[in-house]
Amino acid sequence: MQKNIKFFLNIFMSILLSLSLSSCGNKNEAQEESKETTSEKEYDISIYNINTDIEESFQKMCDEYTSRTGVIVKAVTVDLDDEENDGAMDKYMQSGSPPTIFTVSSMEELNKWRESGNVLDFSNATQTEFKELANNIPSHFRLSSNTVDNFGIPCTIEGFGYLVDPKMLSSLFGGDKYRAVLSDLKTCSYDEFESFVNAVKLYITSGQIYEFHLNDNSYTLLDKKSGLSENLNGVFSFSSDNTKYIGSYMANPALAAVFDSAAEANIASSEQLDTLMDPLMRFAESLDLVTSSISGTTSTITKGIDLINNSSNTTNQSIKNFVSNKSLFLLALNSSYDAIATFNLSMANRCSFIPIKVPIMEQDIKNENITDKKINSSITVYAPSHYVINAKASEREQALAQDFFVWMLTSDLAYKYVVQEFKYIPYDTKESNSTVDNAFSKSMIEYLSSGNVIPAVYYGTPSGWSETNLAKNIIDQYLPKSIWSYNDYQKISDYAIKAWKSK
């Protein structure tokens, strides 16, 4: 009997000891977890900023917000061009403290982070004021994958077209006519623009002049070259090695004939792609015109082996040729201002954009929101990058992120940082905005205010398509040819469409 009692007592004591040890363990684990929770984050929300040029001023803006609201905002900036930071965003997203807000700069990135569940659709936003702001973002500035969803707040807007120096036009037409010529170049048809280009080409090579029309207004060049026009040796400055300029920027007006947004292009059907045949042929025709008279360092360059092997038509040299008054037009963005101002500030401060002209016909257009006239009267304006909210952040962090965006988009203090420090152009800016001191941006805003803009459809094309399947193919197969035929236009278009379908 005593043995049994002793046996049961031993078992009972073992159980008590086990429970005691377990209790101590759980208590220690809870204490450790509590420590980790309190020390894990020393901020309320974090923002991943990819623009190293604004690193310091961006953090200052966040600190200003903290001082006014008590919400601690941490800005993280990593140089993505640094090879040591390759994949930095992926690492940060997979870390124990992923960003609350980060930046998306391509449809490829958007699709990637959507698939991983890291992007909040603003239809699921919780803050009323933020939802109202998000809903009012114009469709052509939205970050959308299918024309319905809405994922991003535009960081800034960008515009591009052909730059022209009014002083050069004055040298070609006389001081009393250049304003009229510039105004007509902004709205004339492709056929009229082609006549204008051919007239200037002939004037450069032989000094001959003939009458031509822009918007039914008659013009002739001056009888004798003088001033800046004496330096001209080509109509266009052209970067034959820049696949972005050829396949994205120059082709975009043709893409806009079919698609109303990048999101539409992202979900394009095979049938829709077939309707790109004629618009892309028109793009090839317009490129044929541009490459028929390119400025060089000493003389005109035309299509052929010389164009491919000539160092005078790199992106940097083409800018130098334009600044040196060797060409009349330069394909550029409003962000190109600093590069041109470095060479010639006074010239940069007087330049204006005219649209990239394409011989689009009424029957080519499938986008019901555009016309051939609008395409040739508009420049492309779009948002190249967007801030998005991490859908995997806590509900509190998501709510704080929305509050931060409301402040950033509506407060005078944040506006000063965005425009004056970051040199960004808000997507809702107006022509009356006098705080923008970049002449190129002012020209872009004029088009935006008048509604003469087209969306950046190329943004929604498959990864690598515009620069490789369209531009690189042209550079390798067609720029070495001195003469392009209608059949070449067809081949360029057909190859590009088949490549898109295979993506």
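All heavy atoms count here, side chains included; hydrogens, waters and symmetry mates do not.
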*asked:* Please give me the minimum heavy-atom distance between D216 and E192, naming the atom from each residue.
replied: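 Closest heavy-atom pair between D216 and E192: N-OE2, 3.3 Å.
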With the side chain counted from C-beta on, respond yes when [X] and [Y] share a heavy-atom pair under 4.5 Å apart, and no when they do not.
X: V71; Y: Y65; answer: yes
X: F151; Y: L120; answer: no
X: M277; Y: D494; answer: yes
X: N217; Y: Y219; answer: yes
X: I101; Y: N390; answer: no

*Mind checking what makes side chain to side chain donor-acceptor pair (under 3.5 Å) contact with N242, not counting sequence neighbours?*
T315
_I'd like to know if D44 pairs up with R396 as an ion pair, taking the criterion as any Lys NZ or Arg NE/NH1/NH2 lying under 4.0 Å from an Asp or Glu carboxylate oxygen._
yes
*Is a salt bridge present between K472 and D241, judged by a nitrogen-to-oxygen distance below 4.0 Å?*
no
_Which residues pass the salt bridge (charged side-chain N to carboxylate O under 4.0 Å, His left out) test with D260, not counting sequence neighbours?_
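Checked D260 against salt bridge (charged side-chain N to carboxylate O under 4.0 Å, His left out); zero matches.
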*Considering residues at least two apart in sequence or located in another chain, which fulfil the salt bridge (charged side-chain N to carboxylate O under 4.0 Å, His left out) criterion with K303?*
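So K303 forms a salt bridge (charged side-chain N to carboxylate O under 4.0 Å, His left out) with D288.
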*Could you walk me through whether K112 and D90 pass the salt bridge (Lys or Arg N to Asp or Glu O under 4.0 Å) check?*
CA-CA 11 Å; K112 171 184 176 180; D90 288 353; 2.7 Å; yes
Just checking, is any N or O donor in the side chain of [X] or [Y] under 3.5 Å from an acceptor N or O on the other one?
X: N316; Y: T314; answer: no
X: T77; Y: N49; answer: yes
X: S116; Y: N118; answer: yes

*Apply salt bridge (Lys or Arg N to Asp or Glu O under 4.0 Å) to D149 and R142, showing your working.*
CA-CA 9 Å; D149 49 30; R142 289 193 179 192; over 6 Å; no
*Within 6.0 Å of CD in E132, more than 12 heavy atoms from elsewhere*: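 Counting neighbours around CD of E132, 12 or fewer heavy atoms of other residues, nucleotides or ligands fall under 6.0 Å, so no.
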*Answer yes or no: are there more than 12 heavy-atom neighbours, outside Q363 itself, under 6.0 Å from its atom CD?*
yes
*asked:* Here's a test for you: under side-chain contact (heavy atoms from CB on, under 4.5 Å), which of I157, V436, V419, I54 qualifies with Y424?
replied: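 With Y424 as partner, I157, V436, V419, I54 yield a single side-chain contact (heavy atoms from CB on, under 4.5 Å), made by I54.
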